[in-house]
Amino acid sequence: MIVDPLRSTDFDTCHSDNETWYTILDGIANEGTIEEAIVFSGFMKQLNVPVTPALFNTFVKLYCRHGQPLAALNIAQMFPEHEPKLTNDNLHLILSTIMADMQPYGEKVNSVDLKSATEMYNRIESITGPAPTVARVLAVWEYIKGQGIMADGRIYAHLIAAHGYERNRDRVLALLGEVIEHGITISADSALTMLNGIEHIQRGGEEVLDTLFQHLSEKETAALSQEVLTKFIELYSKLNRLDKAKHCWGLFTVLGKAPYRASYQAMLDAYIASKCRSYYT
């Protein structure tokens, strides 16, 4: 329940303590509703509390928490006098929320708890592959281009992953080309996001994998974490490329990283795949 600050007996204190206002606002972002945030921001406006990016961040977090990530792109309509522009942190949260709905191909529709045909169609749409998710990701990308925002590695990772799930090899290669051309830094988490999408590319997937691996090994050494190297070995194993899997394994020593159980299993799978291939050829 929100206390009306206009009834406070110490108006000057309410007016001056901006940190307290934003602390309460942060609490609403984490546990409250969009309606509560709108009312509270109205109180802040009446009291002339200075507007900071934290105000806009609150609404982005709320829309994402309540399953309406694309609504956050229209936040400027709520604060027309400030013309807010979303940051890469905001966009990363929006895209992470959208990508959380990405489903693999071939999943069956569980209709046990469905109560209507509408619910059934909604569930079918959510698991019929990447098309709905890619459309939402592209809506965010259009906002980014329209606002002239320079996307960081996290944003490109979501884009590449979405098109990877869509099995759009050419688009993934084009986006990787932009990352390389602009020298955009890729973190270990972003690299793993990309690889999870690239894994779904069936034709020409090795070229995409090679392009990302070459870039990371030459420019983004910090991105080659144990998880990322293990994922590379796993994917090269599926492609029956033992030579490239061994190259990735060698980087554990070069980079001073210790492989763990999953890494050994991935390398073992690569050897087995290679032996089976040589046996049948």
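Remember, predicted model here, so these are calculated numbers, not experimental data.
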Residues forming a salt bridge (Lys or Arg N to Asp or Glu O under 4.0 Å) with Asp170, sequence neighbours excluded: none
So, taking the atom named OG1 in Thr133 and the one named OH in Tyr165, what distance separates them when rounded to the nearest 0.5 Å? 9.5 Å
Work out which heavy atom in Ala162 is nearest to a heavy atom in Val137; give both atom names and the distance. CB-CG2, 4.1 Å
Pairs involving residues 174-188, ordered by first then second residue, that meet side chain to side chain donor-acceptor pair (under 3.5 Å) (sequence neighbours left out): Tyr156-Glu178, Ser187-Ser190
Work out which heavy atom in Ala72 is nearest to a heavy atom in Ile94; give both atom names and the distance. CB-CD1, 3.8 Å
Could you tell me whether Arg154 and Asp89 have a side-chain N and a carboxylate O separated by less than 4.0 Å? yes
What one should report as the nearest heavy-atom pair of Ala191 and Val228 is CB-CG2, 4.0 Å
I'd like a table of donor-acceptor pairs (distance under 3.5 Å, sequence neighbours excluded) in which one partner is a side-chain atom from residues 208-218, with atom names and distances.
unit_1, atom_1, unit_2, atom_2, d
Asp210, OD1, Tyr236, OH, 2.5
Asp210, OD1, Lys244, NZ, 3.1
Asp210, OD2, Lys244, NZ, 2.6
Thr211, OG1, Glu207, O, 2.8
Gln214, NE2, Glu218, OE2, 3.4
Ser217, OG, Phe213, O, 2.9
Ser217, OG, Gln214, O, 3.1

Identify the heavy atoms of Val51 and Phe56 that sit nearest to each other, and give their distance. CG1-CZ, 3.5 Å
Is there a donor-acceptor pair under 3.5 Å between the side chain of Lys231 and the backbone N or O of Leu195? no
Could you list all the side chain to side chain donor-acceptor pair (under 3.5 Å) pairs where at least one residue sits in residues 58-69, not counting sequence neighbours? Asn30-Lys61
Leu251 vs Phe232, side chain to side chain contact (heavy atoms under 4.5 Å, CB included): CA-CA, chis, key distance, verdict: CA-CA 11 Å; Leu251 286 177; Phe232 269 112; over 6 Å; no
How many angstroms lie between NZ in Lys246 and CE in Met267, if you round to the nearest 0.5 Å? 7.0 Å
Which atom pair, heavy atoms only, marks the closest approach of Arg169 to Arg203? CD-O, 3.3 Å
Listed partners of Tyr264 passing ring pair (Phe, Tyr, Trp, His ring centres under 6.0 Å), at least two apart: Trp249
Taking side chain to side chain contact (heavy atoms under 4.5 Å, CB included) as the definition, give me every residue that meets it alongside Leu70, ordered by chain and number, with sequence neighbours left out. Leu73, Ile98, Arg136, Ala139, Val140
Does Ser41 use its side chain to pair, donor to acceptor, with the backbone of Ala37 at less than 3.5 Å? yes
Partner residues of Thr23 under the side chain to side chain donor-acceptor pair (under 3.5 Å) criterion, sequence neighbours left out: none
Which residues pass the side chain to side chain contact (heavy atoms under 4.5 Å, CB included) test with Thr33, sequence neighbours left out? Glu35, Glu36
Using modelled atom types and a 3.5 Å cut-off, is there a donor and acceptor pairing between side-chain atoms of Thr97 and backbone atoms of Pro69? no
Please give me the minimum heavy-atom distance between Leu55 and Phe79, naming the atom from each residue. CD2-CE2, 3.7 Å
Does the side chain of Lys85 come within less than 4.5 Å of Ile75's, by heavy atoms? no
Quick one: list whatever passes ring pair (Phe, Tyr, Trp, His ring centres under 6.0 Å) with Tyr22, sequence neighbours left out. none
Do His163 and Leu138 come within less than 4.5 Å of each other through their side chains, counting heavy atoms only? yes
Is there any salt bridge (Lys or Arg N to Asp or Glu O under 4.0 Å) pair reaching into residues 38-51, and which pairs are they, with sequence neighbours excluded? Lys45-Glu81
Residues in side chain to side chain donor-acceptor pair (under 3.5 Å) contact with Gln226, at least two apart in sequence or another chain: none
For Lys257, does the NZ atom have more than 12 heavy-atom neighbours from other residues, nucleotides or ligands under 6.0 Å away? yes
Give the C-alpha distance, both sets of side-chain angles, the deciding distance and a yes or no for side chain to side chain contact (heavy atoms under 4.5 Å, CB included) between Ile184 and Met150. CA-CA 10 Å; Ile184 296 172; Met150 183 61 195; 4.0 Å; yes
Any non-hydrogen side-chain atom of Ile38 less than 4.5 Å from a side-chain atom of Phe59? yes
Tell me every residue that passes ring pair (Phe, Tyr, Trp, His ring centres under 6.0 Å) with His158, counting only those two or more places apart in sequence or in another chain. His92
Criterion side chain to side chain donor-acceptor pair (under 3.5 Å) on Asn90 and Thr87, from CA distance to verdict: CA-CA 5 Å; Asn90 300 144; Thr87 65; 3.1 Å; yes
Once rounded to the nearest 0.5 Å, what's the spacing between atom CG of Leu159 and atom CG of Leu176? 11.0 Å
How many angstroms lie between atom OG1 of Thr52 and atom CG of Leu25, to the nearest 0.5 angstrom? 8.0 Å
Please confirm whether the backbone N or O of Ile155 pairs with a side-chain atom of Asp152, one donor and one acceptor, at under 3.5 Å? yes
Take Ile233 and Phe252 through the test side chain to side chain contact (heavy atoms under 4.5 Å, CB included) and record every step on the way to the result. CA-CA 11 Å; Ile233 294 172; Phe252 278 116; 4.0 Å; yes
Do Val172 and Ile180 belong together in a cluster built from hydrophobic side chains that touch within less than 4.5 Å? no
For the OG atom of Ser225 and the CG atom of Asp189, what is their distance to the nearest 0.5 Å? 7.5 Å
Treat each ILVMFWY residue as a node, draw an edge where side-chain heavy atoms are under 4.5 Å apart, and state whether Leu255 and Tyr260 are in one component. no
Please assess Leu47 against Trp21 for the test side chain to side chain contact (heavy atoms under 4.5 Å, CB included), listing each intermediate value before the final yes or no. CA-CA 10 Å; Leu47 296 174; Trp21 282 100; 2.9 Å; yes
Measure the CG-OG1 distance between Leu192 and Thr230 for me, rounded to the nearest 0.5 Å. 9.5 Å
